[in-house]
Structures are given as structure tokens and as C-alpha cells.
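A short worksheet on the structure shown next.
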Amino acid sequence: PQSRPKVYKVTFESQSQTFGGTMPLMVKLAMRAVQDLGWKLENANETLGLVTFKTGISIGSWSGVSCSLNIEELEEGRFRVVGTGTQNISGAQLAAMNFGEAARKANKAIERMRVIASSEK
């Protein structure tokens, strides 16, 4: 039986909006995207396909935004990334306005992943 070639980088296929690679490479890509944007990496878990991070102070929240990138393996070597986010509340702040800002931050990280994967061909 023929073995699959080793994968050393992540690719992005714009037509299907999916990434190609391995879970460890996908997690590394997500971590790099978060760091490129200057945000604080909280946790990265290859087993779960989960990367969490916090942004800094923003218009909607003095405490920033907490986001998760969920890396889902659709089939062997093919992945979809979905992002979620919530506004942080701290101190005397009673509420954080979220005009879609948290979701935009998560999507910005995914967009950065696409750019990195597309530029490394």
C-alpha cells in the first residue's frame, strides 16, 4: 500500500473555504495568526483542535474580547475553522457592548490564518 506524503505546511482552498494539513500544523497556524495580530494566546490544544485568545482593550469592552478558534477535521487532512467570541467584563464595568465585535475578532484571526496559509505555497 502507498503511504500518504508527509505534510509540512497548511494550505487554504478558497473555493471550499477549507484548510489542508494536519491538526498539529493547524493549531500552530492558528497560534501564529493570533500572535501576528498582537493578541494574547491563552490556550492551544491539538487533541481538541482548540485555540483560545484574548484581545486588548477595545471600543466595546475595556477588558477586551475572549475568543476561541475551533478546528474541525472534516475528513483526513481537510479542516474547517469556526470562531466564537465574547466580551470580557471586569472591575466596575457592569456590561460590555457587543455590536458583533467579538465575532469580528475571531473572524479576523481566521482571515489571518487564510492569508498565512495562502502565502506559504
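What you are looking at is a predicted structure, and each value in this text was computed from that prediction instead of being measured.
- Residues A106 and C67 share a closest heavy-atom pair of N-SG, 3.9 Å.
- The minimum heavy-atom distance linking V27 with A44 is given by the pair CG1-CB, 3.9 Å.
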(Q) As a quick check of understanding, evaluate side chain to side chain contact (heavy atoms under 4.5 Å, CB included) for K108 and W39, giving each step before the final call. (A) CA-CA 11 Å; K108 187 171 183 178; W39 296 332; 3.9 Å; yes
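- Using modelled atom types, one side-chain atom of T55 and one backbone atom of V65 make a donor-acceptor pair closer than 3.5 Å.
- Here the closest heavy-atom approach between residue K40 and residue V34 is recorded as C-CG1, 4.4 Å.
- A donor-acceptor pair is defined here as one N or O able to donate and one able to accept, closer than 3.5 Å; no such pair exists between the side chain of S118 and the backbone of V115.
- Applying side-chain contact (heavy atoms from CB on, under 4.5 Å) to S68 and the options L50, V51, N43 leaves one that passes, L50.
- Salt bridge absent: E76 and R78 never bring a charged side-chain N and a carboxylate O closer than 4.0 Å.
- The nearest pair of heavy atoms linking M23 to F79 is N-CZ, 3.5 Å.
- With rounding to the nearest 0.5 Å, the separation of NZ in K28 from CD1 in I116 is 14.0 Å.
- Contact record, L69 with A30: CD1-CB, 4.0 Å, taken as the closest heavy-atom pair.
- Separating the NZ atom in K54 from the CD atom in E42 is a distance of 4.5 Å, to the nearest 0.5 Å.
- In this structure, the separation between CG on D36 and CE on M31 is 12.0 Å, given to the nearest 0.5 Å.
- Atoms CE and CZ, from M113 and F12 in turn, are 9.5 Å apart once rounded to the nearest 0.5 Å.
- Side chains of F19 and T11 form no contact here, defined as non-hydrogen atoms less than 4.5 Å apart.
- Counting heavy atoms from C-beta on, the side chains of R80 and V82 come closer than 4.5 Å.
- Separation of atoms NZ (K9) and OG1 (T22) is listed at 13.5 Å; rounding is to 0.5 Å.
- Considering all non-hydrogen atoms of both residues, A33 and A109 come closest at CB-O, 3.6 Å.
- With values rounded to the nearest 0.5 angstrom, K105 atom NZ is found 9.5 Å from F53 atom CZ.
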